[in-house]
Amino acid sequence: NAGVTQTPKFRILKIGQSMTLQCTQDMNHNYMYWYRQDPGMGLKLIYYSVGAGITDKGEVPNGYNVSRSTTEDFPLRLELAAPSQTSVYFCASGAQYNEQFFGPGTRLTVL
Amino acid sequence: DAKTTQPTSMDCAEGRAANLPCNHSTISGNEYVYWYRQIHSQGPQYIIHGLKNNETNEMASLIITEDRKSSTLILPHATLRDTAVYYCIVYFKAAGNKLTFGGGTRVLVKP
């Protein structure tokens, strides 16, 4: 099993550009999550999903959108990139009531 | 807000036990204590969790006080590869599996 995979690993965006961060898991987990981590800080939850077709906001959802059309994929969309969105983004998945498995992260810089 | 208090940093000698404290004085009866760690630049990794009994697995032991207001993660024989930020998280399983990360403890294992 590959676990949780994220693409791209690195990306530089200009202010106002858009992009989609991809996340795929092959563990058949119903729950998937997007976190962001600013330098020296803990992770903050952006959005999460408890199953295909169901998404909900986390602690810091502004400026982001998600969709969950399949169990495996949970893409995160940035519509109008801002410097405040410079961060490392982690995707995670888990079975209900069990631990979360994290991907390797996407390092995003907005200039 | 994170419901836990951890020391900001601590050092440990290689080969010795590392004892990481966590205070969670407002924990409720149905909340679990989870520990994750994050090795530099990687996604967090699950270590162990418990409700009220002490737990042990191949990575660590978790000691929870009888009143459940604090706990200690024990790495029995710390290695250089255990250098990481360790997060203690109080977790209510029914709340959408959502984790709230605080600042964690930065552990440096020294040779």
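These numbers come from the heavy atoms of this one structure, side chains and all, not from hydrogens, waters or symmetry mates. Letters go in sequence order (proteins before strands), and every chain restarts at 1. Computed from a predicted model, the values in this text were never measured in an experiment.
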> Starting from I63(B), can I reach I48(B) by hopping between I/L/V/M/F/W/Y residues whose side chains sit under 4.5 Å apart?
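I48(B) and I63(B): separate clusters.
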
> Between CG of L45(A) and CZ of F101(B), what distance do you get to the nearest 0.5 Å?
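Reported to 0.5 Å precision, the distance equals 9.5 Å.
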
> Same cluster or not: are V85(B) and I89(B) linked, directly or through other Ile, Leu, Val, Met, Phe, Trp or Tyr residues, by side-chain heavy atoms under 4.5 angstrom apart?
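Linked, V85(B) and I89(B) end up in one cluster.
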
> Please tell me whether Y48(A) and Y32(B) are part of a single hydrophobic cluster in this structure, the criterion being side-chain heavy atoms less than 4.5 Å apart.
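Cluster IDs for Y48(A) and Y32(B) match.
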
> Quick check against the 3.5 Å criterion: does Y36(B) have a side-chain atom that pairs as donor or acceptor with the backbone of E99(A)?
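Looks like no, no N/O pair under 3.5 Å.
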
> Check this for me: R77(A), atom CZ, are more than 12 non-hydrogen atoms of other residues, nucleotides or ligands nearer than 6.0 Å?
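Check passes, neighbour count above 12.
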
> Checking heavy atoms, do the side chain of Q6(A), its backbone, both or neither come under 4.5 Å from chain B?
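It is neither, since no heavy atom gets under 4.5 Å.
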
> Is the closest side-chain heavy-atom distance between R107(A) and S41(B) below 4.5 Å?
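Answer yes - side chains close enough.
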
> Do V109(B) and Y86(B) land in one hydrophobic cluster if side-chain heavy atoms of ILVMFWY residues count as linked below 4.5 Å?
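Same cluster.
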
> Should M27(A) and W34(A) be counted in the same cluster of Ile, Leu, Val, Met, Phe, Trp and Tyr side chains packed under 4.5 Å apart?
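M27(A) does not cluster with W34(A).
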
> If you take all heavy atoms of L99(B) and Y35(A), which pair is closest and at what distance?
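Nearest heavy atoms, L99(B) then Y35(A): CB-OH, 3.8 Å.
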
> Nearest 0.5 Å please: distance from the CZ atom of F90(A) over to the CD atom of Q42(B).
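If we round to the nearest 0.5 Å, F90(A):CZ and Q42(B):CD are 9.0 Å apart.
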
> Could you check T100(B) against K44(A) for side chain to side chain contact (heavy atoms under 4.5 Å, CB included), going step by step and ending with a plain yes or no?
CA-CA 7 Å; T100(B) 300; K44(A) 292 186 178 180; over 6 Å; no

> Give the minimum heavy-atom separation between Y46(B) and Q100(A), together with the two atoms involved.
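The pair with the smallest heavy-atom distance is CB-O, 4.3 Å.
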
